[in-house]
Amino acid sequence: MQKNSKLAIVIAGVVAIALVAFFVTRSGSDSTTDTSKASGNLEIFTWWASGGEAAGLEGMTTEFTTQNPDLTFVNASVAGAAGVNAKGVLVSRMEAGNPPDTFQAHAGAELSSYVKAGQLEDLTELYKAEGWDKVFPADLIKTITTDGKIYSVPVNIHRANVLWWNPAAAAKAGITKAPGSLDEMIADMEKFKKVGIDGIALAGQGDWAIAHLFDYVLLASMGAEKFNGLWNGGTPWDGPEVSKAIDYLTKILSYGNSSKSLDWPDAGKLVTSGKAGFFIMGDWASSQWQSEGLVLGTDYTWAPGPGTDGIYQWLSDSFTLPVGAPNRAAGLAWLKVCGSLAGQDAFNPKKGSIAVRTDSDPSKYDAYLQAAMKSWKVDTLVGSTVHGVNYGNAGMAALNSAVGKFYIGGAKDKAGFVAGLVAAYDADKA
Ligand code: GAL
């Protein structure tokens, strides 16, 4: 008898614990997506501090504050160098247990760096609640998913392999059409040089923009398949394909401006002011120039990076919910705007990128972006290395520094460069 009552007590205890656990989990999952009571500050961390980048962010902030009047937007951006500076600050903040409520990270391996470190919350419930699994491309969702869990909300797609130039400067040099290959591009740079214009604008600050140029040259010289092999061991970094790409890079760098420390908006100004011919830069250049009052098609124009027509080298800015975010509900409220149609169509036309959502309205976008929307659907897609798709934070930092060293050293030490590239691959896989 006594034995039975003890058993009954044990069973009652187990049932009680199970019930508590059930309700705690349920209320936990409700609060996962509930932002109705969000108030206080939203601290958002980006590297979008000025020009077209700040204009894009402002477009989405306006939407956010309209939808969330009880939340105060606190912009903790760290300017410049495509996030190289910002990521340094972010990593120390995360390590010190002081995360913002949300931060910017690229889809792909860069995002995985934070996931592996256990620093991000799983957003799968939010995707289901908002129906994003139906309006975001499945292939893109794969790049932000680890072990079946989705970890960020992508706001845009940028294209990295774009050639920009100034039609007036090109006319002066006798260039009437976009070059179609690396060799044609080099021939045109020679024409610019003959009329006293630098063949290409180079932004040496923070190394990343030279690495961005190299990422494009790798793609243009070896094609998409071999390029994809660089990130999984299929194409060796010390093999003939990379050697050929380095020779192209060396030649291209020899046509660049003499200052080696420009940030990308200043290098862009060399092009729009007619001092430099070409610029290989992501399509955020276009929004930057529009924020400076310049007109697409008149003051500057574009073509796919020579030799990469039909290939879309993509990257995607996405926002996260850090574990331990001080105002979690505010972070979630921001993510809801990031994934919404209104948020994406307010942000992207100003940021110079296309929306991730497949139901975005093309009439809100300029002629370049409408063309990009079409290409994104039909082109061969490859990732951008410098903007997070192919390498995580460690590999990217090592690649940038190898390219920077080569550039600053006068593009002479090819063997040292190859060794640095091999080391970057190893750092990524470590
Ligand atoms: C990239 C980012 C773009 C743009 C660019 C230049 O990494 O994805 O949105 O900001 O840097 O800063």
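When reading the values below, keep in mind they use all heavy atoms of this one structure, side chains included, and skip hydrogens, waters and symmetry mates.
Here the closest non-hydrogen pair linking Pro100 and Phe45 is CG-CB, 3.7 Å. Considering every non-hydrogen atom in both Pro306 and Ser181, the closest pair reads CB-O, 3.4 Å. Scanning all heavy atoms of the two residues, the minimum distance from Gly256 to Leu202 falls at CA-CD1, 3.6 Å. Closest approach of Ala330 and Ala38 over heavy atoms only: N-CB, 4.2 Å. Contact between Ser340 and Gly343 at its shortest, heavy atoms only, is OG-N, 3.0 Å. Between Ala211 and Asn400, the closest heavy-atom pair is CB-OD1, 3.4 Å.
Between Met185 and Ile200, the closest side-chain pair of non-hydrogen atoms falls below 4.5 Å. The closest side-chain heavy-atom distance from Lys414 to Asp247 is below 4.5 Å. Lys336 has its side chain out of reach of Gln67: every pair of non-hydrogen atoms, C-beta onward, lies at least 4.5 Å apart. Contact annotation: the side chain of Ile252 approaches that of Ile186 to within less than 4.5 Å [non-hydrogen atoms, C-beta and beyond]. A 4.5 Å side-chain heavy-atom check between Phe136 and Ile144 finds every atom pair outside the cut-off. Contact annotation: the side chain of Trp289 never approaches that of Asp299 to less than 4.5 Å [non-hydrogen atoms, C-beta and beyond]. Looking at heavy atoms from C-beta onward, Thr146 lies out of side-chain contact with Leu111 at the 4.5 angstrom threshold. Residues Met222 and Val242 form a side-chain contact, since some pair of their non-hydrogen atoms from C-beta on lies under 4.5 Å apart.
Of the possible donor and acceptor atoms, none in the side chain of Ser287 sits under 3.5 Å from a partner among the backbone N and O of Asp283. With hydrogens and angles ignored, the 3.5 Å screen pairs no side-chain donor or acceptor of Asn68 with any backbone N or O of Leu71. At distances below 3.5 Å, at least one donor-acceptor pair connects side-chain atoms of Lys260 with backbone N or O atoms of Tyr407. Under a 3.5 Å cut-off, the side chain of Asp215 and the backbone N or O of Ser384 do not form any donor-acceptor pair. Judged purely by atom type and a 3.5 angstrom limit, Gln344 uses its side chain to pair as donor or acceptor with the backbone of Val356. In this structure, the side chain of Ser318 engages the main chain of Ala105 through a donor-acceptor pair within 3.5 Å. Although no hydrogens or angles enter the test, the distance criterion places a donor-acceptor pair under 3.5 Å between the side chain of Thr320 and the main chain of Phe103. Using a distance-only test at 3.5 Å, with no hydrogens or angles considered, a donor-acceptor pair links the side chain of Asn327 to the main chain of Ser39. In terms of modelled atom types and a separation under 3.5 Å, the side chain of Trp284 and the main chain of Lys351 share no donor-acceptor contact. Of the possible polar contacts, one joining the Gln288 side chain to the Gly52 backbone as a donor-acceptor pair under 3.5 Å is found.
In this structure, a donor-acceptor pair under 3.5 Å is absent between the side chains of Thr358 and Lys134. Defined by atom type and a distance below 3.5 Å, a donor-acceptor pair is present between the side-chain atoms of Ser363 and Asp361.
One finds a salt bridge joining Asp139 and Lys142 here, because a Lys/Arg side-chain nitrogen approaches an Asp/Glu carboxylate oxygen to under 4.0 Å. Using a cutoff of 4.0 Å between basic side-chain nitrogens and carboxylate oxygens, Lys405 and Asp207 are not scored as salt-bridged.
Shown here is Glu58, whose CD atom has no more than 12 heavy atoms of other residues, nucleotides or ligands within 6.0 Å. Within a 6.0 Å sphere centred on CD of Glu292, heavy atoms belonging to other residues, nucleotides or ligands number more than 12.
Note that the OG atom of Ser50 and the CG atom of Leu57 stand 11.5 Å from one another [nearest 0.5 Å]. A distance of 13.5 Å separates CE of Met94 from NZ of Lys87, quoted to the nearest 0.5 Å. Distance check, rounded to the nearest 0.5 Å: CZ of Phe347 to OG of Ser353 gives 5.0 Å. Interatomic distance, Asp266 CG to Ser259 OG, rounded to the nearest 0.5 Å: 8.5 Å. Here the CZ atom belonging to Phe319 is positioned 4.0 Å from the CD1 atom belonging to Ile44, to the nearest 0.5 angstrom. With rounding to the nearest 0.5 angstrom, the CZ atom of Arg93 is 4.0 Å from the CD atom of Glu43.
Below 30°, between 30° and 60°, or above 60°: for Trp237 and Phe214 the angle between ring planes is between 30° and 60°, a tilted geometry.
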>> Go through it in stages, so that I can follow the logic: the residues are Ile354 and Trp314, the test is side chain to side chain contact (heavy atoms under 4.5 Å, CB included), and I'd like the CA-CA distance, side-chain angles, deciding distance and then a yes or no.
In response: CA-CA 11 Å; Ile354 59 174; Trp314 71 276; over 6 Å; no
>> The test is salt bridge (charged side-chain N to carboxylate O under 4.0 Å, His left out); show your working for Asp70 and Lys37 and say whether it passes.
In response: CA-CA 9 Å; Asp70 294 335; Lys37 297 199 180 64; over 6 Å; no
For residues 421-430, which side-chain N or O atoms pair as donor and acceptor with protein atoms under 3.5 Å away, sequence neighbours left out?
{"from": "Tyr425", "atom 1": "OH", "to": "Gly233", "atom 2": "N", "distance (Å)": "3.1"}
{"from": "Asp428", "atom 1": "OD1", "to": "Gly392", "atom 2": "N", "distance (Å)": "2.8"}
{"from": "Lys429", "atom 1": "NZ", "to": "Trp231", "atom 2": "O", "distance (Å)": "3.0"}

Side-chain donor-acceptor pairs under 3.5 Å in residues 160-168, sequence neighbours left out?
{"from": "Asn161", "atom 1": "OD1", "to": "Arg159", "atom 2": "NE", "distance (Å)": "3.0"}
{"from": "Asn161", "atom 1": "OD1", "to": "Gln313", "atom 2": "N", "distance (Å)": "3.0"}
{"from": "Asn161", "atom 1": "ND2", "to": "Thr308", "atom 2": "OG1", "distance (Å)": "3.0"}
{"from": "Asn161", "atom 1": "ND2", "to": "Ile311", "atom 2": "O", "distance (Å)": "2.9"}
{"from": "Trp164", "atom 1": "NE1", "to": "Met281", "atom 2": "O", "distance (Å)": "2.9"}
{"from": "Asn166", "atom 1": "OD1", "to": "Ala168", "atom 2": "N", "distance (Å)": "2.9"}
{"from": "Asn166", "atom 1": "OD1", "to": "Ala169", "atom 2": "N", "distance (Å)": "3.3"}
{"from": "Asn166", "atom 1": "ND2", "to": "Val271", "atom 2": "O", "distance (Å)": "3.0"}
{"from": "Asn166", "atom 1": "ND2", "to": "Thr272", "atom 2": "O", "distance (Å)": "3.2"}

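Taking the six-membered ring for Trp and the full ring otherwise, Phe278 and Phe192 have centroids separated by under 6.0 Å. Between His387 and Trp47, the distance from one ring center to the other does not fall under 6.0 angstrom. Ring centroids of Tyr151 and Tyr114 are separated by 6.0 Å or more, keeping the two rings apart.
For the ring pair (Phe, Tyr, Trp, His ring centres under 6.0 Å) condition, the pairs that include at least one residue of residues 65-97, sequence neighbours left out, are Phe73-Trp334.
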